[in-house]
Amino acid sequence: MPELPEVETSRLGILPYLKDQTIAALVIRQPKLRWPIDPDIELAKGQRIIDVKRRAKYLLLQLEHGWIVIHLGMSGSLRILLEDTPAQKHEHVDLVLDNGVILRYTDPRRFGAWLWTPFLEWLPQLKKLGPEPLTDEFNAEYLHQQIANKKVPIKTLIMDNHIVVGVGNIYASESLFMAKILPMRIASTLTQDEVTLLVAAIKRVLEQSIKQGGTTLKDFLQTDGKPGYFVQQLQVYGRAQHLCFTCHTPICSQKIAQRNTFYCQNCQK
DNA sequence: CGGGCGTCCTGTTCGC
DNA sequence: TGCGAACAGGACGCCC
C-alpha cells in the first residue's frame, strides 16, 4: 500500500505527537508480522523519542538508546489515539506514551514490520537501499549510469529499491506517464533526454502526492483518520479503459513483472 | 551476477 | 445469490 508519499504523510502526522515524549509501554497483540517482533523492543520502555525520521518506506523512531523501525507493508497504517480506545481487529501494536497518547498500528495483511535495533547500521533491511528520490543524489546522471545494460522494463527498474527507493506500483505508472515513456520499454534503450524527464517526473509526482496527503485507494488513512487526496490527481493508475485526460484515448493496462501497469498508448512512447 | 517468480497474509471484488 | 478464483499499495529470498 503505502509508497513514499504515504509513509512521509504518516511521519508528518505522528511527529508532533511523538517528539520529546517518553514511551510508557508497548502493547503487542499480534507479534507475527512480516518478521516476528523482537522481544528486545521492550528496551524502548522508559526512553524518550528524540525524532521521527524516514528512510525509503521505513519510519525510524529515534530513541535515546536505539531505534524502533516501522514498515507499513501493503495494508498498514498508523493513527494517534487516546490510551483507552478499544482495539479492533487487525490493530496489532500500540506504542503507549506516558501522557496517555498512543500510536496505534493497523495492518490486516501483516506484510508490515516493527523492528528494534540498538544501532541503525545494524539493520540488514536498510543496508542495500538506493538513494532517496527527493535528494540530489538521485539525478539524471546517476539513473543513466544505472540503466546501462539493464534488460528489464523501465517500470520494473524504477521500482527496484537498489536503484531508487520509495517508488511503488502507483507512482511508477504515474511517473512514466508524466515523462511520456512507455513502462515496458527496456531500461537500457532510454535516451539521456528521457532519463532526465523521468527523474524530474518521479520527483514531481512524489512531491505533489506528499502535498495532497498521499493516495488513498482503500485502506490508507492519514494519522488523523482522513484519506489521502492524491487519488484525485492520478492520471493513469486504476483508469484502464477510461479516457486519457490529455488525448482522450482509452488508458491501457498490462501486467509487467506480475504487477498491474497503466499507461496511455498514445501519449507515451 | 541478473532476472524471474513464489511467498508471507487477509479482505474485497470479479466472474461463472 | 453463492462460491471460488483472482487480485491488492511491498519486498525478501530462492531458483536458474
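Each chain gets a letter, A, B and so on, in the order the sequences are listed, and its residues count up from 1.
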Report the residue from Lys180(A), Arg185(A), His144(A) that forms a side-chain hydrogen bond (donor to acceptor under 3.5 Å, both in side chains) with Glu194(A).
-> Arg185(A)

Once you round it to whole Å, what is the distance between P of dG2(B) and NE2 of His162(A)?
-> 10 Å

Quick one: which of dA8(C), dG10(C), dG3(B) gets closest to the side chain of Arg109(A)?
-> dA8(C)

Check whether Leu198(A) and Phe138(A) end up in the same hydrophobic cluster, where Ile, Leu, Val, Met, Phe, Trp and Tyr are linked by side-chain heavy atoms less than 4.5 Å apart.
-> yes

Below 4.0 angstrom from OP1 or OP2 of dG11(B), is there any side-chain N or O of His90(A)?
-> yes

Kindly confirm whether the side-chain ring of Phe111(A) is stacked on the base of dG10(C), judged by centres under 5.5 Å and planes under 30°.
-> yes

With rounding to whole Å, what would you report as the distance between dC7(C) and dC5(B) at their P atoms?
-> 15 Å

Side-chain N or O of His71(A) less than 4.0 angstrom from OP1 or OP2 on dA11(C)?
-> yes

N or O in side chain of Tyr237(A) less than 4.0 angstrom from dG9(C) OP1/OP2 | yes

Separation of dT10(B) atom C1' from Leu33(A) atom CG, nearest Å, is 13 Å

Under 4.0 Å between a side-chain N/O of Asn161(A) and OP1 or OP2 of dG10(C), yes or no?
-> no

Looking at Arg259(A), does any N or O in its side chain come under 4.0 Å of the phosphate oxygens OP1/OP2 on dG9(C)?
-> yes

Write down the distance between CD1 (Ile256(A)) and P (dG4(B)), rounded to a whole number of angstrom.
-> 11 Å

Short side-chain N/O contact to dG10(C) OP1/OP2 from Arg34(A), under 4.0 Å = no

Spacing of Ile154(A) atom CD1 relative to dG3(B) atom C1', expressed in whole Å | 15 Å

Would one find a side-chain N or O of Lys32(A) under 4.0 angstrom from OP1 or OP2 of dC9(B)?
-> no

Would you mind reporting whether Arg55(A) and Leu60(A) have side-chain heavy atoms less than 4.5 Å apart?
-> yes

More 5' along DNA chain B: Arg110(A) or Lys150(A), using each one's nearest nucleotide?
-> Lys150(A)

In whole angstrom, what separates Leu4(A)'s CG from dG10(C)'s P?
-> 11 Å

Would you kindly give the CD-to-C1' distance between Gln258(A) and dG6(B), to the nearest whole Å?
-> 9 Å

To the nearest Å, give me how far apart CD (Gln212(A)) and P (dG9(C)) are.
-> 21 Å

With a non-hydrogen cut-off below 4.0 angstrom, is Asn260(A) in contact with a base, only sugar-phosphate, or nothing?
-> sugar-phosphate

If you measure from the Lys or Arg side-chain nitrogens to the Asp or Glu carboxylate oxygens, is any gap between Lys57(A) and Glu3(A) under 4.0 Å?
-> no

With respect to the phosphate group of dC9(B), does any side-chain polar atom (N or O) of Lys89(A) fall under 4.0 Å of OP1 or OP2?
-> no

